[in-house]
Every structure is written in structure tokens, then in C-alpha cells.
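One structure below.
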There are 2 protein chains.
Amino acid sequence: MKIGELARLTGTNVETIRYYERDGLLPIPARSDGNYRIYGDAHVQRLSFIRRCRSLDMTLEEIRVLQHFKESPQENCADVNRLLDLHIGHVAQRMQELQELEMQLKDLRERCGETRDAAHCGILEGLSQAIVPSGKTASHVQGTHWHAANPNSAKGIQGNQV
Amino acid sequence: MKIGELARLTGTNVETIRYYERDGLLPIPARSDGNYRIYGDAHVQRLSFIRRCRSLDMTLEEIRVLQHFKESPQENCADVNRLLDLHIGHVAQRMQELQELEMQLKDLRERCGETRDAAHCGILEGLSQAIVPSGKTASHVQGTHWHAANPNSAKGIQGNQV
DNA sequence: TAGAAACCCTTGAGTAGCTACAGAGTCAAG
DNA sequence: CTTGACTCTGTAGCTACTCAAGGGTTTCTA
């Protein structure tokens, strides 16, 4: 099959597939006479694996490690467990951070329940206050926003986009 | 004061200050004879405001809007409320997504409680399954990982880094 | 007063994980 | 033979920074 069909089958953007190839996550496919990429079932499996991992918010690095384990079946899978435990830890940590954040934001929001002019807005006043260093520990956890280039990431893969 | 002192006072990286200037968030400061940036109290206030907003995970765009409101005190602050409500919504949504994610990950983790070889690892099997489209809606919310360039972001501003 | 250390400058590139576009080629249907 | 859908490569863009190279300036110390 050509790249478009692979994209449809796996609910992946065509550009993303080429990106994975460049990144070494997908093996380089055969080419047709007209220089089109030709994929088979193995590619569908492999890409589905990647997308499933991505829908679980794993990094491409983590996925690379998992792929390595898939390809060396004799190895012990304790490392797979460890990787997953770490990942679960990250998610839990990010949730806790977001909970704190929500509290702070709601606190701030209550400073300005009614509508007045910006000169006396409690929210703006609150934001102008000194910075309170929070005791949060270092983690590789992302922020809240994602209007970046990929509206698809971090929200699961939602069916085939036609 | 010079940029280093401003950085210490606000717990901001020097490069970040210059970045904010380039980005139009901080007004262009005066220069000394030796071409050094010279800052005053107003800059400290302004930068503190930005960093406080960032510690609440707001985007630079959102901060820009808030700054606009600060500078036009006659305007009604209903828009400030609206912006904050939206932001709170984003955070809440991301938390929900992470909760789902955690459930899925723990589910996956239970498939391989004991240590066996990777050929029979329940986790790898689970990850190889077909993609289940989740009904998540589009949002600009980021993922779980952040080993990117800024170990400081999304975890509050923790005191002055010497 | 010389030299070293600490600070500052600009410019450009890199980070994750894509997305989007330009400008070209390929292929099947009508 | 043309139209349109598809594909190709290469490059630039997105967030919010961070880092490094290769210089200049200031300040402290001997």
C-alpha cells in the first residue's frame, strides 16, 4: 500500500509517517517505480504500536526502547515494567502539579467575582504580587497548553481522519 | 541595574529576559555607555508579573492580553475573568485526560506483574493491540513529558538561582 | 596600572513532535 | 490529453525557552 492508505489505516498524518521514518522509528520502506513508498502489514503493525504508545503520552525515546524489547524476545521484560512504572510516575506527578495549579487559579479567580474596571481588578492585583517560590521538584513534565503545531497529540488518536 | 541583577531579583534566566524583550513582552530598556541594558523598578514589576503568570502555566499570548488590560485601566475586567476561566478550563481538561491516561497505564501495567521474557510480556502485547479511538475533544493541552530545553518551566519559579 | 575574572553583548542553533507549505513529479479516470 | 488526486523532497514554523561561540566591558585584585 502507499502512504495515504497507511495513514488512513492507522489514523496518522502522512507527514507524521515520513517524520517517523526520518526519525528512525519506522523502517525505511521499499519504493515503487515512481518513487512512492510501499508499505506492508508489518508497517501497519509497527505504526499502530507507535500511535498507541503516543496516545499514552510516551515519548518517542520511550517508544524506541519498547520497540527494542519487542525485537529481542529473549530479554527479560523487567525493564519494560520499569519504564512503564516511571511513566506512570510522571503522569501522577503532573496531575498533582495541575491540581495545585487549579487551586491557585481558582483562588485568583475569586478575587474578581464581579465585573469592575481593570484598575481595581483583583485578579490583576493578585498577579502583580511577588513571586512565591513553590517547592516543586524538577520533572520533565509539560505545561497546560498545546495550541502548537499538533492539535492531535496528547489527546489520543481519534479515528481515521479523512 | 544590569540584566544580571534583574535576573537574580526575579529568579529568571538572563537569556529568558532577553527573549522576552525580543518577543515584545518586556519594553526595550535604556543602554549604558558600554551597551549594557539598564533596568529600573518598573522592569522588575513587569517581569515579576510575567513570571507569576508563567508559574500559573499561562502562555505568553495570555500574558500579553493581561498586560494590555493592566495598561488600560478604564476597560472592563470582564475579559480578564473570561481569560482566567478559560485557562482554568484548560487545566481541568488536562487533568481529566491525565486521569484517563493513568487508568490506561495502570491497566497495562497489571498485565505483567511478574517478570518473564519479553516474548510473553503482557505489556508489549497490550501495546500492540489495535488503536481504540477515544472521544477526547480538541484542546491545546500538552503532554506529560518535559525533558526539553527548559527544566524550569511548568514547575513554578523556585527562588533565585545563583 | 596590568591582568584576570566576572559580567555583558549579538547571533545562531537546538529542544519535542510534529504540521504546513512550495514546487515538482506520478498515476488513474474520463 | 487533461484533470485531479496523490506523492515526492526540502525547508520553515510552532512553544518557551536554553546554550554556545566569539567577542566587548567592567570590576576587582596584585
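Below, chain A is the first sequence line, B the second, and so on; all start at residue 1.
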| message | Does C/dC9 have its OP1 or OP2 closer than 4.0 Å to a side-chain nitrogen or oxygen of B/R37? | response |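 Result: yes.
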
| message | I want to confirm an ordering. Mapping B/K2 and B/Y20 to their closest nucleotides on DNA chain D, which one lands closer to the 5' end? | response |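 The residue whose closest nucleotide sits nearer the 5' end is B/Y20.
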
| A/N35 CG to C/dG23 C1': how many Å, rounded? |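 Atom CG in A/N35 sits about 16 Å away from atom C1' in C/dG23.
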
| query | CG of A/N13 versus P of D/dC6: gap in Å, rounded? | reply |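 Answer to the nearest Å: 14 Å.
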
What nucleotide among [options] has an atom nearest to a side-chain atom of [X]?
| X | options | answer |
| --- | --- | --- |
| A/R54 | D/dT7, C/dC9, C/dG17 | C/dG17 |
| A/E15 | C/dG25, C/dT19, D/dG24 | C/dT19 |
| B/I3 | C/dC18, D/dT7, C/dC8 | C/dC8 |
| B/S32 | D/dC17, D/dT26, C/dT19 | D/dT26 |
| A/R22 | D/dT18, D/dT7, C/dT19 | C/dT19 |

| query | Passes salt bridge (Lys or Arg N to Asp or Glu O under 4.0 Å), B/R18 versus B/E15? Steps please. | reply | CA-CA 5 Å; B/R18 289 198 275 249; B/E15 321 269 8; 3.8 Å; yes

| field | No-H, no-angle donor-acceptor pair, A/Y36 side chain to D/dT7 base, under 3.5 Å | value | no

| task | Assess whether side-chain contact (heavy atoms from CB on, under 4.5 Å) is satisfied between B/I17 and B/H43, documenting all intermediate values. | result | CA-CA 10 Å; B/I17 296 176; B/H43 289 96; over 6 Å; no

